[in-house]
Amino acid sequence: WLLAFHLFTASKKGFSAHQLHRTLGITYRSAWFMAHRVREAMRAGGLEPMGGNGKIVEADETYFGKPETAHVSPQRKGRPYLKGNKVRNSRAIVSLVERGGNVRSFHVAVADGSTVANIVNENVLRETRLQTDESRLYTKVGANFAAHETVNHGAKEYARGDVTTNSVEGYFSIFKRGMKGVYQHCGEKHLHRYLAEYDFRFNHREALGFNDGERATRAIVNASGKRLTYRLPH
């Protein structure tokens with residue numbers, strides 16, 4: 001167990017259950033369950049709102065993989081949403097990153113205006129400067145904060161002074177590289193566990209003063225009071 005916690009917390013882009021079963025010399029089934037229990041220990045709970053006076057929170061959404069149950073908008077009458085001649089029907093993820101601080105990610109059925117607004121309102125203090133791209137998902141909710149500043153990615157604008165979404169984009173980059181290169185497949189019902197894993201490592205990264213040993217120790221401490229059974233890993 002100690003080695004498993006170390007491997008998961010020291011591997012920036014993740015550590016697959018297949019590699020875990022080979023490294024520890026246990027069955028793949030045991031390694032798969034162990035991996036989910038480590039992710040459960042990494043899951044954060046009872047979090048305080050992000051941001052505050054003078055602080056910046058970046059918000060953005062991304063899409064990864066195909067949902068097991070496709071969301072069909074009643075307005076589109078079953079027709080797929082096309083973006084650049086590609087069907088946009090993927091698992092939606094919304095993430096909030098406090099500049100120089102922590103990330104908080106959510107897997108949602110659909111990233112529409114009301115869903116995104118609820119997430120932002122419930123997790124970000126009103127005194128915060130909210131920074132996003134030009135997406136209209138944030139236009140209305142942005143009015144609730146000290147400032148809502150945007151960059152126009154469509155016009156190839158990625159930073160204007162200290163206005164940028166580079167932090168949250170960087171998090172998405174690490175997440176997707178790990179999911180595609182290390183895990184390769186993830187059932188949608190487990191996606192929130194992988195997000196908890198990547199959130200944990202980002203929130204305990206070296207830039208915030210954590211080394212591999214301290215990161216593993218924090219994950220082990222977080223296991224207190226949590227229990228995950230094999231038949232209910234999601």
Side-chain angles (χ1 to χ4, degrees), residues 7-9 11-21 28-29 31-44 58-76 78-97 103-120 123 132-133 135-138 153 165-203 228 230-234:
L7 292 171
F8 270 85
T9 55
S11 304
K12 185 173 183 177
K13 295 182 177 66
F15 199 84
S16 72
H18 272 295
Q19 186 64 42
L20 188 65
H21 108 82
Y28 171 71
R29 181 173 178 173
W32 182 88
F33 184 34
M34 177 179 279
H36 275 305
R37 292 166 84 180
V38 172
R39 293 185 186 103
E40 172 66 7
M42 290 176 165
R43 176 180 59 82
E58 301 174 19
D60 200 6
E61 75 285 346
T62 192
Y63 300 85
F64 178 79
K66 295 183 178 179
E68 295 167 7
T69 302
H71 172 78
V72 179
S73 169
Q75 289 82 4
R76 300 194 62 79
R79 290 178 288 117
Y81 170 61
L82 300 178
K83 184 174 184 179
N85 295 323
K86 294 182 180 179
V87 176
R88 172 56 62 85
N89 190 16
S90 306
R91 304 168 186 172
I93 297 167
V94 178
S95 288
L96 309 172
V97 175
V103 64
R104 200 170 297 179
S105 301
F106 307 84
H107 169 43
V108 295
V110 57
D112 57 14
S114 61
T115 301
V116 170
N118 287 338
I119 289 173
V120 175
N123 290 275
T132 70
D133 59 19
S135 172
R136 288 179 292 179
L137 292 174
Y138 303 95
H153 288 170
T165 57
N166 288 345
S167 298
V168 66
E169 294 285 352
Y171 169 79
F172 286 150
S173 177
I174 295 171
F175 170 75
K176 289 185 176 181
R177 288 180 183 181
M179 293 301 291
K180 292 178 180 178
V182 176
Y183 294 123
Q184 300 181 28
H185 172 75
C186 166
E188 186 171 11
K189 64 184 178 182
H190 301 305
L191 182 56
H192 67 291
R193 296 208 178 281
Y194 289 88
L195 287 170
E197 174 189 345
Y198 283 90
D199 280 7
F200 177 88
R201 280 196 297 266
F202 186 90
N203 296 341
L228 186 67
Y230 185 82
R231 295 187 181 277
L232 294 173
H234 57 283

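Put simply, SG on Cys186 and NZ on Lys180 are 13.5 Å apart, with the number rounded to the nearest 0.5 Å. Considering CZ of Phe172 and CE of Met179, their distance stands at 13.5 Å, rounded to 0.5 Å. Put simply, OH on Tyr198 and OH on Tyr194 are 9.0 Å apart, with the number rounded to the nearest 0.5 Å. The structure places CZ of Phe175 at 8.5 Å from OG1 of Thr62, a figure rounded to the nearest 0.5 Å.
Glu58 contributes a side-chain N or O that, together with a main-chain N or O of Val168, makes up a donor-acceptor pair within less than 3.5 Å. At distances below 3.5 Å, not a single donor-acceptor pair connects side-chain atoms of Asp60 with backbone N or O atoms of Ser95. For the pair Ser16 (side chain) and Gln19 (backbone), a donor-acceptor distance under 3.5 Å is present.
The two atoms that bring Ala31 and Leu20 nearest to each other are O-CD2, 3.6 Å, heavy atoms only. The shortest non-hydrogen separation linking Val120 to Leu96 is CG2-CD2, 4.1 Å. Gly65 and Ser90 make their closest contact through O-CB, 3.0 Å (heavy atoms, listed as atom of the first residue, atom of the second, distance). Looking at every heavy atom in both residues, Ser11 comes nearest to Arg201 through O-NE, 3.0 Å.
Cation-pi check for Arg37 over Phe33 is met; the charged atom lies under 6.0 angstrom from the ring centroid and within 45 degrees of its normal. For the pair Arg39 and Tyr183, the cation-pi criterion (under 6.0 Å, within 45° of the ring axis) is fulfilled. Under a cutoff of 6.0 Å and an axis angle of 45°, Arg104 and Phe106 do not form a cation-pi pair.
Partners of Phe8 under the ring pair (Phe, Tyr, Trp, His ring centres under 6.0 Å) rule, at least two apart in sequence or in another chain, do not exist in this structure.
In this structure the side chain of Phe202 reaches within 4.5 angstrom of the side chain of Val97, judged on heavy atoms. In this structure, the side chains of His107 and Leu195 come closer than 4.5 Å at one or more pairs of heavy atoms. The side-chain heavy atoms of Glu169 and His153, taken from C-beta on, include a pair separated by under 4.5 Å. By the 4.5 Å heavy-atom criterion applied to side chains, Ile119 and Val108 are counted as neighbours. Using a 4.5 Å heavy-atom cutoff, the side chains of Val38 and Leu7 are not in contact.
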Stepwise side chain to side chain contact (heavy atoms under 4.5 Å, CB included) check, Glu61 with Leu137: CA-CA 10 Å; Glu61 75 285 346; Leu137 292 174; 3.8 Å; yes

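For the residue pair Asp133 / Tyr138, no side-chain donor-acceptor distance below 3.5 Å is found, with atom types taken as modelled.
In this structure, Arg193 does not pair ionically with Glu197, as no charged nitrogen and carboxylate oxygen lie closer than 4.0 Å.
Taking the six-membered ring for Trp and thresholds of 30 and 60 degrees, His36 and His190 have ring planes inclined between 30 and 60 degrees apart.
The environment of NZ in Lys176 is crowded: more than 12 heavy-atom neighbours from other residues, nucleotides or ligands sit within 6.0 Å.
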